[in-house]
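We're numbering straight along the sequence, starting at 1.
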Amino acid sequence: MLLSSAPRGARLVRRLAADRLRAWGVAGTPCETARHVVAEPTANAAAHGRLPGRGFRLTLYVVGRTLRVEVTDTRGDRQPVLSEPDRAPVAESGRGLLLVDALADRWGVAEGRFPRKTVRAGLRVP
């Protein structure tokens, strides 16, 4: 799926991903976990990976029992960093990659042909 790098595009891709997972028979807790793993990199792509006129791409596929999530945007110069969140109880950001790190079996970032980068995550599904 190729979508607009805007909050609306991030919301739409999360909904489409949930529909696809249900169509593949991924339901219940694994589906909710996968939705969280999809939500963070797509939100980051919309918020931090945007360039005017350029979108981001979500790719989902299953290999064996592993769901692969790949989100590609056009800001290869902005690499996501896993960091400690702001300890302030009112902080509204800074925890997303910590969720991905906790929920996914593995994740990482791959540089593509400039200016692209792809955030990848994998998690086991029934």
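R116 CZ to T72 OG1: the interatomic distance, rounded to the nearest 0.5 Å, is 8.5 Å. Atom CZ in R124 sits 14.0 Å away from atom OG1 in T33 (nearest 0.5 Å). To the nearest 0.5 Å, atom CZ of residue R106 and atom CZ of residue R68 are 5.5 Å apart. If you take CG on D73 and CZ on R57, they are separated by 12.0 Å, rounding to the nearest 0.5 Å.
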Inset, instruction - Go through L58 and V38 one step at a time and tell me if the side chain to side chain contact (heavy atoms under 4.5 Å, CB included) criterion holds. - result: CA-CA 8 Å; L58 170 68; V38 167; 4.1 Å; yes
Legend entry - Full working for side chain to side chain contact (heavy atoms under 4.5 Å, CB included) between V37 and W107: CA-CA 10 Å; V37 171; W107 75 275; over 6 Å; no
Inset, instruction - Please step through side chain to side chain contact (heavy atoms under 4.5 Å, CB included) for the pair R15 and L12, ending with a clear verdict. - result: CA-CA 5 Å; R15 190 173 334 129; L12 177 60; 4.2 Å; yes
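For C31 against V26, the heavy-atom pair with the smallest separation is CB-O, 3.4 Å. Closest of all the heavy-atom pairs between L67 and A34 is CD2-CB, 3.6 Å. A104 and L123 make their closest contact through CA-CB, 4.3 Å (heavy atoms, listed as atom of the first residue, atom of the second, distance). When all heavy atoms of W24 and L60 are compared, the closest pair comes out as CH2-O, 3.6 Å.
The salt bridge (Lys or Arg N to Asp or Glu O under 4.0 Å) pairs that include a residue from residues 27-46 are E32-R35, where partners are two or more places apart or lie in different chains.
Under the 4.5 Å side-chain contact rule for hydrophobic residues, L99 and V13 do not share a cluster. Hydrophobic clustering (side-chain heavy atoms under 4.5 Å, transitive across Ile, Leu, Val, Met, Phe, Trp, Tyr) keeps V69 apart from V63.
The neighbour count for Q79 CD, taken as heavy atoms of other residues, nucleotides or ligands under 6.0 Å away, is above 12.
One N or O on the side chain of K117 and one on the backbone of R75 form a donor-acceptor pair closer than 3.5 Å.
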